[in-house]
Amino acid sequence: MTLRLLFNEIRSAVQKISFDLGYPAVVFDVSESSKPEFGDISCNIGFLLAKPLKKRPSEISESIAALYRTQKGSLVSEVNVHQSGYLNFTANNSVLVKSILESSTEKNYGEFDLGKGAKTVVEHTSVNPNKALHIGHVRNIIIGDTVARILHKANYDVNVLNYVDDSGLQVADIIVGFLYGGFSKEPPQGQKFDHYCGDVVYVNITERYETEKSLAEKRVLVLKELEEGRSEIAKFGDEITRRVLEEQLKTCWRLGVTYDCLNFESQIIRSSLWKTVFDKMKSLGIIYLEGEGKNSGCWVIKSDSVEEDKILVRSNGIATYIAKDIPYAAWKLGILDDPFHYKQYIVQKNHQVLWQTTLEDTGTRLDFTGDRVITVIDSRQSRLQNIITKIISDFKSGKKSYMHLGYESVTLSPDTAKTLNLETGGKSVQMSGRKGIYVNADYVLDILGVKTYEEAKKRNPELDDASLVKIAEQVAVGALRYAMIKQDLDKIIVFDLTESLSLEGDTGPYIQYAHARAVRILEKAGKTPEFGVSFDCLTTIHERGLAKAIGRFDIQVEDSARNLSPKLIARYCHELAVSFNSFYEHVKVLTAESPEMINARLCLVWSFKETLRKALDLLGIDAPDRM
RNA sequence: GGGCCUGUAGCUCAGCAUGGAUAGAGUGCUGGACUUCUAAUCCAGUGGUCAAGGGAUCGAAGCCCUUCGGGCCCGCCA
């Protein structure tokens, strides 16, 4: 069992006693005590009944406590009433610790069946394939990947999609660069192709549009060719975007992120999806052909608020940006006949197959849709995403639901902007691919890797280079992933290059270090911990605290899945590591006073190590054995 | 003008959904702990008008209202 059972036992007992005493039913809280001196668990029922019963909270709690003491379950050893009015419980230490440690040996420890196998789609990344991933994209990718992992742990059947906008303006820009801007198709020696496209070609061409009119004209032409397909230019575009995509995916894989299927915008455009959705919207009266005013001749989405109507199809018959997203949203929910076949893109590092859509008949039909679709995009897109959500709900697709998981953007600190020759006057600055204002993800990982390599070498001079490189990369990725996920989605992250190199305090490496310490204790013990024994000897505050932290895992998984709040798992990992480090400093394991004590503490260390590893896995962070 | 987000310690942030015990971390600064299971660690100290004002409540950082500061979005661009 975990702490959850203790909560449940107390909750139902208090409920029953309150009923037996003739008290009115109230929704009361059973939660962990805010301070150790208050016991393990606290209940606020006294406060809630104070008014209806016209008694002091402590008086009510006392009457419940008196009865509780006569009929304690197996998990509670003490019931106390604090003068403030709280009803406090102390757990039966030996039963609690033993059951937590034993459950933690189960392979699926921490799983909680919130989803009941519900089919869920998580779409994230979806970066235009004309540039390398920068640190802002990384936040999207890490949020999406972490949410997918957590939902999976909470028993949702998750499909992860990456939408590739291979026929948009941004791709057209680099194609113009190659065909008419004089850029070689091959990057200079040693440069990744995506970096080359983004850092050199894209930025340069965008600048030249200002002065070279002919280039700007080519841009319109190329865009048209890309949308229509078939032509030589379109084929060339396809070749380029696939090369960029492959490089982008390498960065994602480096971050430990994998996908189930790649969706290509060009194929959505050329499929029947748009026509079907367009007709459906017409027949539902969601959209109409504007006959007058400034939008005359356009198909527009009716707005029921004070906002202006949103144009879906221009007067020249070409669909707008949002129009491409609606059929895709409907496809993700599986409310349209699937026009695609599927073929394998690659087998990813974790042996998971990455599929891609195709319009060719491959004979392979698969289902990557879900009854619930979560689209991870930064909150600047909220307005458009709300429109899509509204339209999809108008399709009346039963229990199916579409939602936008938004998050605030990543900006660059004044100091980091300065390294890009940008003077911001002390303010942080929004990134922009077009203007070249960004920090590439690979670059951050590389310099982090150099630092973590040095640190690892300093501490483990006897390790061979390959091991050190591996550890360094794991720690670098851990540092970056943790930094991107630990704070609330609604908070802007101001990225500072120097600060990102900090590996102490509330960071990924701090947590990974706790794991490595635990592994070393287990290694040095030279024997396997034996669990079928009494753990009554684990009584110090450090041992109890660590055991309770371990017992909280499934509750954290449930919370974070229910609220789509990945940071809760990050906070949990940190809390586990803090508990362990405190234990480590105050309690000796290998030199404990008796073999029984050594074994009991080894079990605790083992449980901690396994639980932390599983929790870190939800964050996509590796737990190295040494560092 | 409208919409979304945000304001808590010098700095970066938890806590707010579901009101309750002395508002917590990290970082910074000051001091202490490595012949010890790895000091990427631990311990102690320092640091707060929870933006401001009002309201409902026995009780507010949290709920309601108003105001102020900061960010983002509102194109026949994507």
Side-chain angles (χ1 to χ4, degrees), chain A residues 27-29 31 33-35 37-38 42 44 46-48 50-51 56-57 82-86 88 128 165 168-170 172 223 294-300 305-308 310-316 318-322 324 378-384 386 406-409 411 427-428 430 452 455-456 458-460 475 479 486-494 496 499 502-514 516-525 562-563 565 567 571 574-575 577-578 580-592 601-602 605 626-627:
Chain A
V27 181
F28 56 90
D29 206 32
S31 56
S33 305
S34 54
K35 297 229 160 67
E37 60 262 35
F38 299 142
S42 297
N44 68 346
F47 298 108
L48 302 171
K51 195 166 191 180
R56 286 200 314 278
H82 189 266
Q83 55 176 6
S84 63
Y86 269 107
N88 290 332
N128 280 302
D165 181 358
L169 208 54
Q170 296 201 14
L223 182 61
K294 58 175 184 162
N295 293 342
S296 180
C298 299
W299 283 93
V300 298
S305 64
V306 287
E307 286 175 36
E308 291 196 6
K310 182 81 198 162
I311 291 169
L312 199 65
V313 179
R314 303 179 180 98
S315 52
N316 64 5
I318 295 176
T320 58
Y321 170 66
I322 188 172
K324 296 174 186 173
D378 80 77
S379 48
R380 285 173 297 193
Q381 302 260 15
S382 292
R383 178 176 292 256
L384 288 180
N386 285 341
Y407 60 91
E408 283 292 336
S409 48
T411 62
K427 284 182 150 187
S428 64
Q430 287 280 337
T452 52
E455 296 289 329
K458 212 161 50 188
R459 293 170 172 80
N460 303 278
V475 176
K486 76 168 176 177
Q487 55 204 314
D488 199 88
L489 301 181
D490 286 334
K491 286 264 169 52
I492 292 172
I493 294 181
V494 179
D496 185 88
E499 208 177 287
S502 155
L503 308 174
E504 291 164 19
D506 186 9
T507 65
Y510 170 93
I511 299 166
Q512 290 171 310
Y513 183 63
R517 281 179 138 185
V519 168
R520 292 291 276 172
I521 292 177
L522 293 164
E523 272 175 21
K524 291 210 169 177
R562 199 182 285 284
N563 300 310
S565 181
K567 74 168 177 198
R571 299 191 64 76
H574 182 251
E575 186 186 311
V578 168
F580 176 77
N581 276 331
S582 180
F583 162 86
Y584 184 95
E585 297 287 342
H586 295 98
V587 181
K588 291 298 164 212
V589 177
L590 300 180
T591 53
R601 287 183 179 159
L602 278 178
V605 171
R626 303 190 64 166
M627 60 184 278

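Since we're looking at a predicted model, the values are computed, not measured. Letters go in sequence order (proteins before strands), and every chain restarts at 1.
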State whether the side chain of Arg459(A) and the backbone N or O of Glu455(A) hold a donor-acceptor pair below 3.5 Å, judged by distance alone. yes

Round to the nearest Å and state the distance from His574(A) atom NE2 to U12(B) atom P. 18 Å

C1' gap between A78(B) and G15(B), integer Å: 39 Å

If the P atom of A14(B) is compared with that of G26(B), how far apart are they to the nearest Å? 15 Å

U57(B) to C64(B) separation - C1' atoms, rounded to the nearest Å: 12 Å

Ignoring hydrogens and geometry, is there a side-chain-to-backbone donor-acceptor pair from Arg601(A) to Lys588(A) under 3.5 Å? yes

Compute whether any side-chain donor of one residue and acceptor of the other, for Asn581(A) and Tyr513(A), lie under 3.5 angstrom apart. no

When the C1' atoms of C77(B) and A40(B) are considered, how many whole Å apart are they? 47 Å

What does Ser428(A) touch in the nucleic acid at a heavy-atom separation under 4.0 angstrom: a base, only the sugar-phosphate, or nothing? nothing

Using a cut-off of under 3.5 Å, enumerate the N/O to N/O pairs linking the protein to nucleotides 36-40 of chain B.
unit_1: C37(B); atom_1: O2; unit_2: Leu590(A); atom_2: N; d: 3.3
unit_1: C37(B); atom_1: N3; unit_2: Val589(A); atom_2: N; d: 3.2
unit_1: C37(B); atom_1: N4; unit_2: Tyr584(A); atom_2: O; d: 2.5
unit_1: C37(B); atom_1: N4; unit_2: Val587(A); atom_2: O; d: 2.4
unit_1: C37(B); atom_1: N4; unit_2: Lys588(A); atom_2: NZ; d: 3.4
unit_1: U38(B); atom_1: OP2; unit_2: Lys524(A); atom_2: NZ; d: 3.2
unit_1: U38(B); atom_1: O5'; unit_2: Tyr584(A); atom_2: OH; d: 3.4
unit_1: U38(B); atom_1: O2'; unit_2: Tyr513(A); atom_2: OH; d: 2.0
unit_1: U38(B); atom_1: N3; unit_2: Met627(A); atom_2: O; d: 2.8
unit_1: U38(B); atom_1: O4; unit_2: Met627(A); atom_2: N; d: 2.9
unit_1: U38(B); atom_1: O4; unit_2: Met627(A); atom_2: O; d: 3.0
unit_1: A39(B); atom_1: OP2; unit_2: Arg517(A); atom_2: NH2; d: 2.9
unit_1: A40(B); atom_1: OP1; unit_2: Arg459(A); atom_2: NE; d: 3.3
unit_1: A40(B); atom_1: OP1; unit_2: Tyr513(A); atom_2: OH; d: 2.9
unit_1: A40(B); atom_1: OP2; unit_2: Arg459(A); atom_2: NE; d: 2.7
unit_1: A40(B); atom_1: OP2; unit_2: Arg459(A); atom_2: NH2; d: 2.3
unit_1: A40(B); atom_1: O5'; unit_2: Arg459(A); atom_2: NH2; d: 3.4
unit_1: A40(B); atom_1: O4'; unit_2: Arg459(A); atom_2: NH2; d: 3.1
unit_1: A40(B); atom_1: N7; unit_2: Arg459(A); atom_2: NE; d: 2.9

Would you mind telling me which residue lines up with the more 5' stretch of RNA chain B, Glu499(A) or Cys298(A), judged by nearest nucleotide? Glu499(A)

Hey, which sits more toward the 5' end of RNA chain B by its nearest nucleotide, Tyr86(A) or Asn295(A)? Tyr86(A)

Atom NZ of Lys324(A) to atom P of C77(B): distance rounded to whole Å? 12 Å

Using atom C1' in both nucleotides, what's the gap between G70(B) and A25(B) to the nearest angstrom? 24 Å

Is any side-chain nitrogen or oxygen of Gln487(A) closer than 4.0 Å to OP1 or OP2 of C13(B)? yes

In whole angstroms, the gap separating P of U27(B) from CG of Asp506(A) amounts to 8 Å

Checking Thr507(A) side chain against Tyr510(A) main chain: does a donor-acceptor pair fall under 3.5 Å? yes

Please give, in whole Å, the distance from C76(B) P to Ile322(A) CD1? 12 Å

What's the CD1-C1' distance between Ile311(A) and C77(B), to the nearest Å? 12 Å

Select base, sugar-phosphate, or nothing to describe what Asn563(A) touches, counting heavy atoms under 4.0 Å on all strands. base

Whole-angstrom distance between U27(B) and A23(B), as gauged at atom P: 22 Å

Short side-chain N/O contact from Lys567(A) to OP1 or OP2 of G15(B), under 4.0 Å: yes

Can any side-chain N or O of Arg314(A) pair as donor or acceptor with the backbone N or O of Ala319(A) at less than 3.5 Å? yes

Please tell me if the side chains of Arg380(A) and Gln430(A) come closer than 4.5 Å, counting only heavy atoms from C-beta onward. yes

Where are the stems of RNA chain B, defined as at least 3 consecutive Watson-Crick or wobble G-U pairs with both distances under 3.5 Å? B:1-7 with B:68-74, B:10-13 with B:24-27, B:28-33 with B:41-46, B:51-55 with B:63-67

With a cut-off of 6.0 Å (strictly less than), are more than 12 heavy atoms of other residues, nucleotides or ligands near CD of Gln83(A)? no

Euclidean distance for P, G45(B) against C50(B) (whole angstrom): 22 Å

Please check if the side chain of Asn44(A) supplies one atom and the backbone of Phe28(A) the other of a donor-acceptor pair under 3.5 Å. no

Give Asn44(A) one of three labels, base, sugar-phosphate or nothing, depending on what nucleic acid heavy atoms sit under 4.0 Å from its own. nothing

Whole-Å gap separating P (C76(B)) and NZ (Lys294(A)): 6 Å

Please tell me if the side chains of Glu408(A) and Ile493(A) come closer than 4.5 Å, counting only heavy atoms from C-beta onward. no

Under 4.0 Å: is that the gap between some side-chain N or O of Lys491(A) and OP1 or OP2 of A14(B)? yes

When the distance from NZ of Lys458(A) to P of U41(B) is rounded to whole Å, what number comes out? 12 Å

For Ser296(A), which contact category applies under a 4.0 Å heavy-atom criterion: base, sugar-phosphate, or nothing? base

Gln512(A) versus Val475(A): any side-chain heavy-atom pair under 4.5 Å? yes

Once the angle between the rings of Tyr86(A) and Phe47(A) is folded into 0 to 90°, is it parallel (under 30°), tilted (30 to 60°) or perpendicular (over 60°)? perpendicular

Between A51(B) and G7(B), how far apart are the two C1' atoms, rounded to whole Å? 6 Å

Between Thr320(A) and Val313(A), is there a donor-acceptor pair closer than 3.5 Å when you use the side chain of the first and the backbone of the second? no

NA contact type, Lys35(A), heavy-atom cut-off 4.0 Å: base, sugar-phosphate, or nothing? sugar-phosphate

Determine whether a donor-acceptor pair (N or O, by modelled atom type, separation under 3.5 Å) exists between the side chain of Lys486(A) and the backbone of Asp506(A). yes

With sugar-phosphate meaning primed atoms plus P, OP1 and OP2, does Ser382(A) contact a base, only sugar-phosphate, or nothing at under 4.0 Å between heavy atoms? nothing

Does a side-chain heavy-atom distance below 4.5 Å link Tyr584(A) with Val605(A)? no

Within the 4.0 Å heavy-atom criterion, would you say Asp165(A) contacts the bases, only the backbone, or no part of the nucleic acid? sugar-phosphate

Looking only at side-chain N and O atoms, does Arg562(A) come under 4.0 Å of OP1 or OP2 in A17(B)? no

Closest approach to the side chain of Asp29(A), judged atom by atom: which nucleotide of A25(B), U18(B), C43(B) is it? U18(B)

Just to be sure I understand the rule, does Asn88(A) reach a base, reach only the sugar-phosphate, or reach nothing, if contact means heavy atoms closer than 4.0 Å? base

Report yes if the ring of Phe38(A) lies under 5.5 Å from the six-membered base ring of A21(B) with planes under 30°, and no otherwise. yes

Protein and nucleotides 69-74 of chain B: nitrogen or oxygen contacts under 3.5 angstrom:
unit_1: G71(B); atom_1: OP1; unit_2: Lys427(A); atom_2: NZ; d: 3.2

Residue Leu384(A), side-chain heavy atoms: nucleotide from A21(B), A78(B), A14(B) that is nearest: A78(B)

Side chains of Lys310(A) and Leu384(A): does their closest heavy-atom pair fall under 4.5 Å? yes

